[in-house]
Amino acid sequence: MGTWIKRSFFVCAVFAITWVMFIAYWSGSNHMPDGGDVLLYLLVLPACFLLAVWGIRKAKLSMASAAAAKTAAAAAQPAAATPAEPSHHPERLWTLAVAAGALRSPHGADAAALLEKLQAHEAKLELDPELTDGQGFPVLTGRIADVDAQTTAAEFMAWRGQHASAEQDDAYLPDEQQRTLALAADVARELGDRLMSHPFLDEYLQAQRHQKDAVGLPQLHLLALLPAAWSGEARMQAAQWLAQLVTLQGWPAEKITVLPAIAGEPAHPLLHLDRLIATSRDANTQQPSPYLATPYLAIVIAAQSNLGADTVQDWERSKQLLSGSSPSGKSPGEAAAGFILADATQAIALGAEDPVLLHRATLGRKNKSADEAGRVDGDLLTALAQAALRDAAVPADAVALLVTDGDHRAGRTEEIMKLGYAALPEIDLGSQCLKVGAECGSAGAATVLAALALAHAAAERAGEPALCVSNDDAHERAAIVLTRKNSHPNPITTTAEHSPEATAAQAATA
């Protein structure tokens with residue numbers, strides 16, 4: 001559509017310029033044109049000019065096509081005799097199995113329910129009964145009903161009073177922080193309950209202290225992705241409290257290691273997951289199989305609530321809030337999501353006999369903010385998606401669902417459309433593309449993991465690969481693939497060209 005509009009403008013411009021030139025010339029020379037002059041100079045001449053432009057363009061395209069065909073034929077000749085070299089590190093083939101998942105969203109307490117509602121177009125944002133903008137109008141939000149924030153906050157404060165300094169005992173927790181902790185606690189308890197089915201747990205608990213190491217119960221790594229606006233100390237305390245909740249479910253406290261996700265500048269949630277895969281085995285083994293020599297078990301939890309008056313005011317002040325005065329803004333939301341990630345042996349031990357595999361993530365950063373006016377560049381997201389599919393050995397036509405954490409903002413929508421046309425030509429963006437941020441609101445890292453939970457539910461239910469991409473942030477972009485363990489897609493034999501940003505990000509996370 002855009003191409004035809006540009007061509008129409010060009011044709012109109014040629015005729016308009018021609019008419020203005022000759023009419024001005026005839027007026028200045030006091031010449032009264034006859035019918036032949038009008039036909040020749042105002043119709044035939046611009047038409048001939050347009051035909052000449054069209055002919056030159058066709059000739060250039062023909063020459064370029066011939067050169068490309070000649071280059072492709074020359075490149076294909078030695079390829080038959082020489083085996084292709086690996087286009088990336090063997091570590092990019094590593095995976096972890098998703099042994100279990102948990103989700104809390106405004107439209108469902110599990111990923112399967114939310115997936116059905118989104119596919120049936122039954123989920124939508126609603127006007128919030130508690131939050132209003134600067135003009136007093138209710139804000140469109142994604143609020144989760146029945147969140148017992150006060151009880152959870154009291155439990156957390158009691159725990160912190162025993163484990164933190166005395167100055168923080170009476171510290172005030174804002175409503176958003178209370179709701180975030182409540183959502184994260186629900187996910188931690190659900191995943192902790194799933195761990196109770198581990199076959200070695202009872203044996204470990206009953207064994208003598210000097211015999212426990214011989215039981216083989218793996219160390220559990222807990223990674224909590226909490227709002228970046230919190231202080232590092234607050235995030236670490238919340239992560240340690242979530243670990244305490246898992247131990248209350250029955251997992252041994254000495255078998256939990258809290259991973260600090262607070263050092264340095266905030267990283268993308270999918271980068272944290274990629275690092276878990278990268279550190280799940282010894283790089284010297286070069287072991288692409290999901291069956292690891294050393295058992296691996298991890299819990300990842302992300303939670304965030306943006307339903308607070310301060311957040312609404314900040315977003316409205318910075319023109320980020322969706323309102324009548326800022327129709328290109330976003331809606332506040334809240335969510336929590338979590339996964340139990342393991343090697344294939346531990347996943348089977350936890351009851352996931354045919355688990356979904358989480359492949360390596362590809363990440364990059366846009367130089368220009370997606371919120372700025374102007375042309376939307378979808379090349380980076382497309383390159384990242386193609387790299388993620390190649391790492392997972394999944395052909396583009398095998399992807400059954402595309403899930404994104406983005407919303408209905410024009411820039412994000414156009415970026416997804418360009419990705420679909422360039423990298424997933426077989427997918428129907430109307431029925432096979434889900435936008436979590438559009439229907440559930442924006443909840444930071446929790447929205448990213450909620451999108452991943454939907455991709456996991458789809459791959460688990462249909463047995464077909466799902467692609468999850470992240471483009472809600474103004475700059476950060478990421479892509480990751482999920483497949484069933486026993487599915488064997490046809491390997492991809494061609495490699496896609498990558499942008500410099502995507503290539504550098506993939507090498508950094510290898």
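Sequence positions, counted from 1, serve as the residue numbers for this chain. Values below: all heavy atoms of this structure, side chains included; hydrogens, waters and symmetry mates excluded.
- Leu273 CG to Leu225 CG: the interatomic distance, rounded to the nearest 0.5 Å, is 7.0 Å.
- Considering every non-hydrogen atom in both Leu223 and Leu259, the closest pair reads CD1-O, 4.0 Å.
- Interatomic distance, Leu380 CG to Leu363 CG, rounded to the nearest 0.5 Å: 9.5 Å.
- To the nearest 0.5 angstrom, Gln304 atom CD is 8.5 Å from Trp230 atom CH2.
- Considering CD1 of Ile299 and CG of Leu220, their distance stands at 4.5 Å, rounded to 0.5 Å.
- Under the 3.5 Å distance criterion, the side-chain polar atoms of Asp405 are left unmatched by any main-chain donor or acceptor of Ala451.
- Side chains of Ser197 and Leu350 form a contact here, defined as non-hydrogen atoms less than 4.5 Å apart.
- The shortest side-chain heavy-atom distance between Leu114 and Cys440 falls under the 4.5 Å cut-off.
- Between Glu415 and Arg477 there is a salt bridge, since at least one side-chain N of the basic residue sits less than 4.0 Å from a carboxylate O of the acidic one.
- Using a 4.5 Å cut-off on side-chain heavy atoms (C-beta onward), Leu357 and Leu482 make no contact.
- Checking Asn306 against Thr311 by side-chain atom types alone, no donor-acceptor pair falls below 3.5 Å.
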Run the side-chain donor-acceptor check on residues 182-194: report pairs under 3.5 Å with partners two or more places apart or on a different chain.
from: Arg189; atom 1: NH2; to: Glu155; atom 2: OE1; distance (Å): 3.1
from: Glu190; atom 1: OE1; to: Arg104; atom 2: NH1; distance (Å): 2.9
from: Glu190; atom 1: OE1; to: Arg104; atom 2: NH2; distance (Å): 2.9

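- Between atom CD of residue Gln119 and atom CG of residue Leu454 there is a gap of 9.0 Å, rounded to the nearest 0.5 Å.
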Kindly indicate, with the supporting measurements, whether the criterion side-chain contact (heavy atoms from CB on, under 4.5 Å) is fulfilled by Val469 and Leu402. CA-CA 8 Å; Val469 299; Leu402 172 63; 4.0 Å; yes
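- Residues Lys117 and Glu122 are not paired through a salt bridge, judged by the lack of any N-O separation under 4.0 Å between the basic side chain and the carboxylate.
- Proximity of Ile277 to Leu358: side-chain heavy atoms (C-beta onward) are separated by under 4.5 Å at one or more points.
- Asp354 has a carboxylate O that lies under 4.0 Å from a charged side-chain N of Arg484, or vice versa, which qualifies the two as a salt bridge.
- In this structure a side-chain-to-backbone donor-acceptor pair under 3.5 Å is present from Lys366 to Asp377.
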What verdict does the side-chain contact (heavy atoms from CB on, under 4.5 Å) test give for Lys435 and Thr413, after you've listed the backbone C-alpha separation in whole Å, the side-chain angles of each residue and the deciding distance to 0.1 Å? CA-CA 9 Å; Lys435 301 176 181 178; Thr413 300; 3.1 Å; yes
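- Checked for salt-bridge contact, Asp391 and Arg360 miss the test: no charged N lies under 4.0 Å from a carboxylate O.
- Nearest approach of Ala239 to Leu222, heavy atoms of both residues: O-CD2, 3.9 Å.
- Classification of the Phe339-His456 ring pair by plane angle, with boundaries at 30° and 60°, yields perpendicular.
- Summarising the geometry of Ala450 relative to Val436, their closest heavy-atom pair is CB-CG1, 4.2 Å, with the distance given to 0.1 Å.
- Proximity of Ile340 to Val98: side-chain heavy atoms (C-beta onward) are nowhere separated by under 4.5 Å.
- For the pair Pro332/Trp315, a side-chain contact is recorded, criterion being any heavy-atom separation below 4.5 Å from C-beta on.
- Salt bridge status for Lys330 with Asp407: absent, with no side-chain N to carboxylate O gap under 4.0 Å.
- Of all heavy-atom pairs between Trp94 and Ala278, the closest is CZ3-O, 3.6 Å.
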Let me see the working for Leu115 and Leu401 under side-chain contact (heavy atoms from CB on, under 4.5 Å), right down to the final yes or no. CA-CA 11 Å; Leu115 179 64; Leu401 185 68; 4.0 Å; yes
Please set out all donor-acceptor pairs under 3.5 angstrom arising from side-chain atoms of residues 422-433, sequence neighbours excluded.
from: Asp428; atom 1: OD1; to: Gly430; atom 2: N; distance (Å): 3.0
from: Asp428; atom 1: OD2; to: Ser431; atom 2: OG; distance (Å): 3.0
from: Gln432; atom 1: OE1; to: Asp428; atom 2: N; distance (Å): 2.8
from: Gln432; atom 1: NE2; to: Ala400; atom 2: O; distance (Å): 3.0

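- The closest donor-acceptor contact from the side chain of Thr180 to the backbone of Ser305 lies under 3.5 Å.
- In summary, Arg409 and Asp472 engage in a salt bridge, as defined by a charged side-chain N under 4.0 Å from a carboxylate O.
- Closest heavy-atom contact between Ala302 and Ala445: CB-O, 4.0 Å.
- Summarising the geometry, atom CG belonging to Leu297 is positioned 8.0 Å from atom NE2 belonging to His221; distances are rounded to the nearest 0.5 Å.
- One side chain, Ser470 or His268, offers a donor N or O that lies under 3.5 Å from an acceptor on the other.
- A salt bridge links Asp371 with Arg412: the distance from a Lys NZ or Arg NE/NH1/NH2 to an Asp or Glu carboxylate oxygen falls below 4.0 Å.
- A donor-acceptor pair is defined here as one N or O able to donate and one able to accept, closer than 3.5 Å; no such pair exists between the side chain of His408 and the backbone of Ala438.
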For Thr141 and Leu125, run side-chain contact (heavy atoms from CB on, under 4.5 Å): C-alpha distance rounded to whole Å, both residues' side-chain angles, the deciding distance at 0.1 Å, then the answer. CA-CA 6 Å; Thr141 65; Leu125 300 174; over 6 Å; no
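- For Arg275 (side chain) and Leu270 (main-chain N/O), no donor-acceptor pair under 3.5 Å exists by modelled atom type.
- If you check the side chains of Gln219 and Thr257, you find a donor sitting under 3.5 Å from an acceptor.
- Salt-bridge formation is not detected for the pair Lys124/Glu439: no Lys NZ or Arg NE/NH1/NH2 atom is positioned less than 4.0 Å from an Asp or Glu carboxylate oxygen.
- The shortest side-chain heavy-atom distance between Leu381 and Ile416 falls under the 4.5 Å cut-off.
- When side chains are defined from C-beta on, Gln346 counts as touching His198, because their heavy atoms get closer than 4.5 Å.
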